[in-house]
Each structure stands twice: as C-alpha cells, then as structure tokens.
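Just so it is clear, the structure is predicted and the values come from calculations on it, not from any experiment. Atom set for the values below is all heavy atoms of this structure, side chains included, hydrogens, waters and symmetry mates excluded. Chain naming here is simple, since letters A, B, ... match the order of the sequence lines and numbering starts at 1 in each.
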Amino acid sequence: MPSALPNRSTTAHARDAARLRLRRLTQASVALMVTLGGAFAALAAGSTHTKKAVVPAHTVKARTAILTQAPAPPLVSAHSPASSAEAAPAPPVSAPTPSYSAPVVVSGGS
Amino acid sequence: MISAAGAVASFPALGSTAVVAVTQRDLLAEAEALLAADLHALDLACSRFRNDSELVRVNERSGRPVGVSPLLAEATRAALDAAWMTDGLVDPTLGSQLRAAGYDRTFALVRERNTWHIASIPRPTGSWRDVELDDKRRTLQIPHGVELDLGATAKAWAADRSAERIARALRTGVLVSLGGDIAVAGPPPHGGWPVRLAEDHASSPADPGPVVAIRDGGLATSGTAVRRWRTDRGDAHHILDPRSGEPALTPWAYVSVAAASCLEANVAATAAVVLAEEAPHWLAKRRLPARAVRRDGTALAIGTWPEEARAA
C-alpha cells in the first residue's frame with residue numbers, strides 16, 4: 001500500500017545511523033581538540049614567550065557542549081518533503097464509505 | 001459471532017478488548033489463536049505494568065544501552081516514528097508524566113482507586129529525540145530519568161502487524177481491532193468492513209450510531225472519556241499534551257481518522273485531540289479523512305469523510 005509518509009523503516013534507520021555517526025564524530029572531535037590543546041599548551045610552555053598559550057578548560061567544555069547539543073540532521077528521504085510538518089501520515093487508499101450493514105466492531109476510545 | 005461480513009471473535013487483552021474478524025469463517029479459531037499469541041508476546045515486551053516486561057527493564061536502566069528483542073525494538077521504532085511524524089505531539093517519553101498524573105498502574109486499578117493526589121508533573125523535555133535505538137547492536141538507550149511509554153502507539157502498530165500476519169498465514173480477509181484501533185488486511189468482504197463509531201470501543205456494535213465501511217488501511221479513534229480518572233486537580237485522562245506534560249485540554253470528545261495504516265490513523269487521531277481547535281486544519285492539510293465529535297455531540301466531517309456519517 002502506497003504511503004505519503006516517507007519510508008519509515010529506511011528513514012528511521014538513516015536517522016539513527018546519522019545520529020550515531022554524529023555522536024562518534026563528536027567524540028572523535030572532542031578527543032582531537034583535547035589532544036591539540038594539550039599539544040599547543042606544551043608547545044607554549046616550551047616557548048620563550050612570556051604569555052602562555054594555554055587553552056582554557058572552559059573553552060573546551062563549551063565547545064563540547066555545543067557539539068553534543070548539535071541537532072540531529074533532519075529526516076528526509078528522496079521522496080518526501082523536508083519539513084516535518086508535511087511528513088504526515090498517509091491517507092488511506094480508499095476513504096471510508098457510509099455503510100448500512102451490521103457493524104462487526106466499534107472504533108472508539110479505549 | 002457470525003455477521004454478513006464474516007466471523008468475529010473477541011477477548012480481553014492489553015487492558016482492553018481484542019477483536020478479530022475473518023471473511024473465511026472456518027478460519028476464525030486459527031485467526032484468534034494467532035492474534036492471542038501476538039498479543040501475549042507484545043504484553044511481555046511492551047507492558048508498563050508488568051515487572052517482567054522488557055520495557056520495565058529498559059526504563060529501570062535509563063541512561064544505559066540495554067539489549068532488546070526485535071519486537072520491542074520495532075515497537076519503539078514505531079513510537080519514535082510517530083513522534084517524528086507529529087513533531088512530538090505524540091511523544092513516547094512521557095511515562096513519568098503519566099505516572100505523576102495518576103496512571104501508574106493498569107487502568108482497572110486506577111479506576112478502582114478512583115482518586116489521586118498530583119504532587120507535581122515534571123515538565124517534558126522532548127526526550128524522544130534523544131532515544132537511541134541501535135538496530136545493528138539491537139540496543140535501546142533512553143535518557144537518564146526518562147520513562148518510555150508505548151501506550152499511544154503499541155496497540156495500533158500491533159493491529160497492523162497482526163492483521164498482515166493473519167492474512168498472509170491464512171490467506172483470508174481479516175480485521176483486527178485492539179481497543180478500537182482497527183487494521184484490515186487481505187481481501188475485504190463485499191462492501192467493506194462495517195465499523196460503528198463511538199466514544200467507547202467497548203460499547204456494542206449493535207448500538208445506534210454512525211457506521212462506515214473500510215476496505216484497506218486502518219481506522220482509529222482517540223478520545224478522553226474512557227481512560228479518565230479523578231484527581232485533586234480535577235479529572236485527568238491519558239492523552240497528555242507534550243508541550244505541558246498534562247492531560248490535553250481539548251474540545252473533542254473523540255476523533256476518528258482513517259489512514260494507510262492503523263498506526264498512522266491512531267497517531268493522527270491522538271495528535272488531533274492534543275491539537276484541539278487546530279485539529280481540523282491539521283488533518284485536512286494532510287488529506288486525512290476524519291470525524292471529530294465535540295462534547296455536545298456535534299460532529300465535524302473532515303476531508304473525504306462521508307457525509308452520511310456526520311450525524312452523531
């Protein structure tokens with residue numbers, strides 16, 4: 001049955017895969033920054049310049065916060081509009097029709 | 001029960017009522033057995049109220065990845081998709097808020113208790129975006145302190161799943177209803193499956209009220225009248241507004257939606273309750289046939305919903 005909803009399985013997998021890639025990239029980036037920060041600090045400590053180029057810890061933490069709070073990439077598939085407002089449930093192939101037959105079941109709150 | 005459409009059986013399940021109907025009447029017993037097995041497995045995986053359920057184990061280990069079964073993984077995926085579909089209006093991470101509002105046990109027990117003191121309801125934080133479901137490792141991690149609740153989507157998702165499975169296994173037309181969330185699969189009876197619309201799915205199909213026929217997809221109704229209880233702040237119900245964490249303020253007694261699947265119909269119906277007066281526009285924009293009934297009984301047909309069903 002066709003659905004106007006983007007293929008949930010594919011798109012959801014893509015979303016979570018992207019999220020995991022982002023998390024791993026974030027972790028790798030933080031590790032790299034800390035390493036570089038330490039390297040620069042060591043370099044600065046070994047220099048004759050009186051001003052030490054030490055990367056403040058709070059700067060690293062702030063960058064970490066920004067990176068880990070980065071929003072996940074939007075869920076789009078090749079066949080769906082980009083905005084989530086339009087990524088809607090799909091209408092039925094055929095709309096309900098009036099019936100005069102004895103109902104077999106009730107659709108109601110539960 | 002034998003009807004013109006087929007043979008019908010019902011039994012209690014998931015704190016509600018399960019109904020299965022088949023066009024080939026001699027297959028009813030097998031269809032019922034298949035559905036009962038599916039629902040037993042679903043309860044073990046997704047119940048918020050069983051100490052031995054997988055979902056309870058995941059919630060107890062919030063903040064850590066937990067190995068989960070394919071069933072719970074798929075049910076969670078459906079719930080997260082619903083959140084994504086509705087931009088968070090149908091949110092599976094409101095378990096703590098539901099508990100705080102008084103829905104902290106099976107509804108039969110909530111009803112028996114009759115009243116509840118609301119101390120405070122934690123404000124939701126859109127945590128569904130932070131739920132991590134790893135399909136390769138089959139692990140599920142929810143944010144620390146968050147409680148996953150699949151009640152808004154699990155029945156509808158399961159109805160779709162079971163209807164397809166029964167139709168495929170038995171090669172018959174089938175209708176599955178779980179608490180009034182209806183999925184159909186296989187060739188329908190002549191004229192479609194006749195379904196009565198009402199505030200309460202447990203009312204009799206023979207009672208007066210509008211009847212529509214569906215041939216494919218799903219039909220679901222969300223309302224606030226059935227799962228309702230008293231608190232010291234007034235009546236509460238189970239459809240929370242994720243923007244506040246509290247029971248949604250809505251003019252609708254119930255909203256019925258038809259869609260390509262029962263899950264999608266149910267998600268849209270629930271979102272419509274939360275959206276209140278914005279619901280007709282939201283549904284029409286998505287070309288979803290729907291019927292919204294106000295508390296005074298006036299019914300609004302939306303989209304291609306049939307004219308004859310306008311009478312409440």
Between B:L219 and chain A, which part of the residue has a heavy atom less than 4.5 Å away: side chain, backbone, both or neither? both
Interface moiety of B:S203 toward chain A, non-hydrogen atoms closer than 4.5 Å: both
Heavy-atom cut-off 4.5 Å, strictly under: side chain, backbone, both or neither for B:V195 against chain A? both
Tell me, for B:T224 versus chain A, whether the close heavy atoms (under 4.5 Å) come from the side chain, the backbone, both or neither. neither
Part of B:A271 within contact of chain A (heavy atom distance under 4.5 Å): neither
The interface call for B:L178 against chain A, heavy-atom contacts under 4.5 Å, is neither
Which one, B:D207, B:T221, B:V255, B:V226, leads in non-hydrogen pairs under 4.5 Å with chain A? B:T221
Under a 4.5 Å cutoff for heavy-atom pairs, which residue among B:A213, B:G223, B:G179, B:G180 has the most contacts with chain A? B:A213
Just by modelled atom types, is the A:V106 backbone N or O under 3.5 Å from a matching donor or acceptor in the B:R196 side chain? no
If you tally heavy-atom pairs under 4.5 Å against chain B, which of A:S99, A:S110, A:S101 wins? A:S110
Tell me, side chain or backbone of B:K136 under 4.5 Å from chain A's heavy atoms, or both, or neither? neither
Please look at B:T304 and chain A and tell me whether the side chain, the backbone, both or neither of the residue comes under 4.5 angstrom of a heavy atom of that chain. both
Name the residue from B:L197, B:V257, B:I214 that meets the side chain to side chain contact (heavy atoms under 4.5 Å, CB included) definition with A:S107. B:L197
So which part of B:A225 gets closer than 4.5 Å to some heavy atom of chain A, the side chain, the backbone, both or neither? neither
